[in-house]
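Taking it in order: structure first as structure tokens, then the write-up.
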Amino acid sequence: MLQALLSGILVGGVYGLFSMGFSIAFGVMRIVNFAHGELVMIGMFAAFFAYSAAGVDPLVAIPLAFVVVAALSAVLYLLVYRRFVGRATLQQLLAAIAVALILQTSATLIFGPSAHAVRSNWGSQYLLIGPIFLSYAQLAAFAISVACVLTVEAVLRKTSWGKAIRAVADDPEAAQLVGLNSQVINITAFACSGALAGIAGAVLVSYYPVSPHVGFLLMPIALIATVLGGLGSIGGAFVGGIICGVIQQMTSVLWTSALQDVPLYGVLLLLLAFRPYGLFGRVSAH
Amino acid sequence: MAGTIDSGAPVPAGLPGRAEFRQLGYGVALVALVACLPLLPFANSYLIGIVVRALIFIALGQAWNVIAGIGGQLSLGHGVFFGLGAYGTGLLFNDFGITPWVGAWLAAALAGAVAVVIGAITFRLRGIYFALATVVISLAFEKLARFYFALTGGDTGLAVNFRGTAPAVMQWREPEAFLWISLAVVLAFYAVTRWLLRGNFGLALQAVRDDEEAATSAGVNVYRTKLLALLLSAAMTALAGTLHLQFYLSIDPGTAFGLSQAIQIQLPALIGGLGTAGGPIIGGAIMILLSEGTNVASSRLGLDGVDVLAYGIVLLLIVLKAPVGILGYIKSKRLQRSGRAAPAGGGD
Amino acid sequence: MARNPAVLEVTSVHRKFGGLQALSDVSFAVEQQEVVGLIGPNGAGKSTLFEVISGNIPPSSGAIAFHGDDVTRMAAFRRRRSGLCRTFQKIRLFGALTVAQNVAVAAQQCVVDGNWRDEVASALAKLRLTAQADRYPSEITLPDRKKVEIARAIVGRCRVLMLDECLSGLTRDEADEVVQEILGLNRQGLTIIVVEHVMPVVMAMAQRLVVLQHGCVIADGPPKEVAANPVVIEAYLGARHRPAP
Ligand SMILES: Nc1ncnc2c1ncn2[C@@H]1O[C@H](COP(=O)(O)OP(=O)(O)OP(=O)(O)O)[C@@H](O)[C@H]1O
Ligand SMILES: [Mg+2]
């Protein structure tokens with residue numbers, strides 16, 4: 001149990017990282033980016049290619065994944081999401097699903113449907129503490145995630161850009177009135193949302209094999225973490241991600257790892273039905 | 001919509017206009033053509049098979065259109081009902097020997113029951129949250145279907161015990177019978193859609209779609225109306241699922257519950273015109289051209305999944321460029337020409 | 001005062017939106033066939049009070065009684081079916097349905113005896129909308145749309161009609177016409193609550209005024225008395241100095 005709890009927290013750190021990206025896109029622009037999992041998947045492929053082509057460790061390839069996915073997100077924003085800013089509409093959701101489908105099938109056509117794994121020499125080593133063993137790769141992933149999250153939080157709190165983002169996420173209508181919700185804020189916020197997905201992808205690929213289909217496994221986690229943390233609460237999504245990781249690991253231990261996501265879906269349904277503003281979110285009218 | 005809603009229930013409907021007669025004529029001719037297709041000299045199994053696939057596409061689109069187009073509730077989880085129809089019929093036949101003629105209705109009833117449970121949970125939510133909840137439910141079904149392989153056949157899926165041509169268990173070697181069955185289903189679903197567009201229940205349902213608060217203040221039980229519409233839509237989807245199973249003789253978790261299936265169910269109505277009776281038919285016909293074209297391309301290129309890529313691109317183009325679909329577009333043009341503003345949705 | 005039993009009785013209703021107290025301790029009663037004017041500056045809580053009475057939003061506390069029955073927990077659609085009807089300040093017609101169908105939606109649910117088609121026809125006739133029956137809301141004029149809202153509200157069983165600014169945006173002639181329709185309905189036995197900003201119109205229509213300010217009832221009585229009430233004058237003068245949103 002303790003083992004499951006600890007590895008859940010470690011895995012959840014990475015979930016929290018890309019969930020924060022999802023939460024930024026939702027909080028600032030009310031965009032439910034159904035393709036967020038595909039952005040993580042592309043980050044994973046970017047880092048995997050750095051590894052297979054040049055032997056670079058995925059963690060060293062983080063800047064590459066960062067740049068690739070941030071740029072892709074900016075392009076997606078300009079081509080598609082720009083039209084839907086401020087309204088989480090069904091049209092927007094359909095567009096995002098289409099983007100997800102296009103990215104996923106393109107990846108399948110280019111890379112093939114099978115999974116690729118990175119075999120670094122330290123990735124399969126474990127730290128033993130009494131009966132508990134923790135993978136070094138997961139420890140490193142967790143440490144990097146926490147570092148990134150702290151950086152993002154600091155940027156959001158200290159810089160004027162970050163303050164603008166938080167103001168918009170907090171109350172989009174009021175922010176619109178004072179002219180904060182500008183195109184520049186939006187595009188940078190969306191790129192930042194993608195960048196977090198990219199970093200998470202590079203980190204994740206160091207211990208988790210990449211295939212074109214991982215996106216569909218990860219997107220619900222980002223959604224659940226964001227709802228858990230409270231819609232529009234960017235830091236809350238990180239906590240939500242950790243909770244998701246723990247629930248998954250607990251399910252693996254107590255039930256079966258093949259169904260580790262099913263309780264998560266149940267949690268999301270219950271949350272949406274009874275606490276749509278999240279465990280930590282404020283209740284506001286509509 | 002020209003001619004359906006506007007000659008609606010409360011006012012005594014006038015004599016159908018000339019345009020309506022012409023439409024009716026085209027409709028009858030088209031149905032006759034499809035029904036007599038096997039008699040034509042150039043017909044072969046390949047061609048008839050394509051038409052059957054098109055009709056199944058259309059039936060699924062019509063079923064989804066009930067809740068999404070007429071009811072305004074964007075369900076992304078219709079794969080669940082499709083899968084329940086297909087798996088339900090198949091399991092009842094393989095394990096209990098129940099003929100699909102009966103099994104189809106049992107599976108549809110099961111799908112309806114599941115729809116009521118899903119609706120009871122998710123209709124507390126509106127719009128996008130309802131859509132997200134339905135996605136998650138279909139993901140859960142896919143996972144469960146893959147895991148409980150003793151029941152479902154796991155990843156490889158379920159294959160119907162084939163007995164050759166055996167009408168008593170809805171099996172034929174040749175596709176003609178499926179042509180007639182699926183044509184009948186499409187016609188029945190078309191009638192249901194027309195009834196919804198002008199009948200009492202359908203009016204309440206459209207009111208709920210247009211404005212839930214105003215519908216409540218008009219005395220409409222919004223929750224019950226949505227629930228009944230979902231039940232109807234789910235049962236229709238399950239019947240189309242049975243048709244799919246009997247025609248292809250197999251079903252697997254990805255085909256049944258996967259997201260790309262959910263999207264295929266939506267495309268006919270989205271392409272043709274959401275909330276219209278004719279939309280899914282036009283959309284389904286376009287879909288089959290797309291699907292056949294990409295299949296040819298895939299086999300030429302030796303690549304798999306080109307069709308799903310094409311669906312994604314079409315979906316994106318529709319949402320960005322023609323959110324009202326083909327019929328909606330034609331209608332707004334026609335209204336513009338006659339100097340009237342377009343009403344907000346619905347149509348024929 | 002107690003000539004008739006109260007048709008509608010609102011008892012210390014409170015409603016909060018986050019930190020905002022939109023209604024606080026609102027109590028008043030409406031008698032059979034009365035026309036009550038509900039007035040107050042912008043944001044006073046008039047529309048919110050209608051939402052609470054009609055059941056579209058629940059009160060934070062307090063009770064609503066209709067014909068002596070407590071309906072505080074009754075679903076909004078049931079209240080409408082039992083005759084508690086309202087229109088919306090911002091017009092909310094069903095855009096894809098024709099005028100006749102808009103009214104028919106309510107008639108199918110709320111006509112208890114008789115043929116609902118006849119009721120639709122008579123509601124449309126009462127408001128002189130018969131010629132527009134087959135048009136869509138987007139094809140008719142603003143006054144006609146307001147009248148469709150009213151027709152949808154009165155069709156079937158309707159005992160209390162709550163009208164939320166159904167005259168705003170109309171020219172004087174158009175407004176006069178709608179007022180005449182409303183008074184005609186009242187003569188046929190309907191109890192009416194009107195929210196209106198144009199004071200002369202309210203003074204002419206209403207037999208009694210209830211004044212709301214910051215969610216509180218600050219006056220309740222015959223129009224002449226209320227108009228002379230210094231507290232009300234102060235509220236309106238204060239409001240006039242503020243720019244309208
Ligand atoms: N759904 C809501 N969420 C939050 N605040 C609300 C909501 N509805 C109304 N309010 C607030 O409650 C107060 C009362 O609003 P209401 O619409 O009842 O006023 P009103 O008297 O109808 O004003 P007006 O004359 O402008 O129509 C306002 O400050 C308004 O901003
Ligand atoms: Mg108001």
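Order of the sequence lines sets the chain letters (A, B, ...), proteins ahead of strands, with each chain counted from 1. Keep in mind that the numbers below use all heavy atoms, side chains included, and drop hydrogens, waters and symmetry copies.
When each of Val262(A), Leu103(A), Leu109(A) is checked for heavy-atom pairs under 4.5 Å with chain B, Leu109(A) comes out on top. Ranked by heavy-atom pairs under 4.5 Å with chain A, the first of Ile121(B), Ile313(B), Leu270(B) is Ile313(B). Per-residue counts of heavy-atom pairs under 4.5 Å with chain B were compared for Thr108(A), Ile97(A), Ile224(A), Leu264(A); the largest is that of Ile97(A).
In this structure the side chain of Leu94(A) reaches within 4.5 angstrom of the side chain of Gln266(B), judged on heavy atoms. The shortest distance between side-chain heavy atoms of Ile102(A) and Tyr311(B) does not fall below 4.5 Å.
In this structure, CG in Leu144(B) is found 10.0 Å from OH in Tyr265(A), a value given to the nearest 0.5 Å. The line from CG of Leu74(B) to CG of Leu93(A) is 6.5 Å long, rounded to the nearest 0.5 Å. Atom CG of Leu139(B) is separated from atom CG of Leu217(A) by 8.5 Å, given to the nearest 0.5 angstrom. Taken to the nearest 0.5 Å, the OH atom of Tyr148(B) stands 5.5 Å off from the CG atom of Leu259(A).
The neighbour count for Arg83(A) CZ, taken as heavy atoms of other residues, nucleotides or ligands under 6.0 Å away, is above 12. Within a 6.0 Å sphere centred on OH of Tyr208(A), other residues, nucleotides and ligands contribute 12 heavy atoms or fewer.
Neither the backbone nor the side chain of Ile318(B) comes within contact range of chain A; no heavy atom of the residue lies under 4.5 Å from a heavy atom of that chain. Neither the backbone nor the side chain of Val314(B) comes within contact range of chain A; no heavy atom of the residue lies under 4.5 Å from a heavy atom of that chain.
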Next item on the list: Kindly determine whether Phe84(A) and Val319(B) satisfy side chain to side chain contact (heavy atoms under 4.5 Å, CB included), including the steps that lead there.
Entry: CA-CA 11 Å; Phe84(A) 303 105; Val319(B) 172; 4.0 Å; yes

Next item on the list: Take Leu132(B) and Leu268(A) through the side chain to side chain contact (heavy atoms under 4.5 Å, CB included) test and state the conclusion after the steps.
Entry: CA-CA 9 Å; Leu132(B) 291 173; Leu268(A) 179 69; 5.6 Å; no

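Looking at Leu309(B), Val306(B), Asp307(B) one by one, the single match for side chain to side chain contact (heavy atoms under 4.5 Å, CB included) with Thr105(A) turns out to be Leu309(B).
Between Ala98(A) and Gly312(B), the shortest heavy-atom distance links the atoms CB-O, 3.4 Å.
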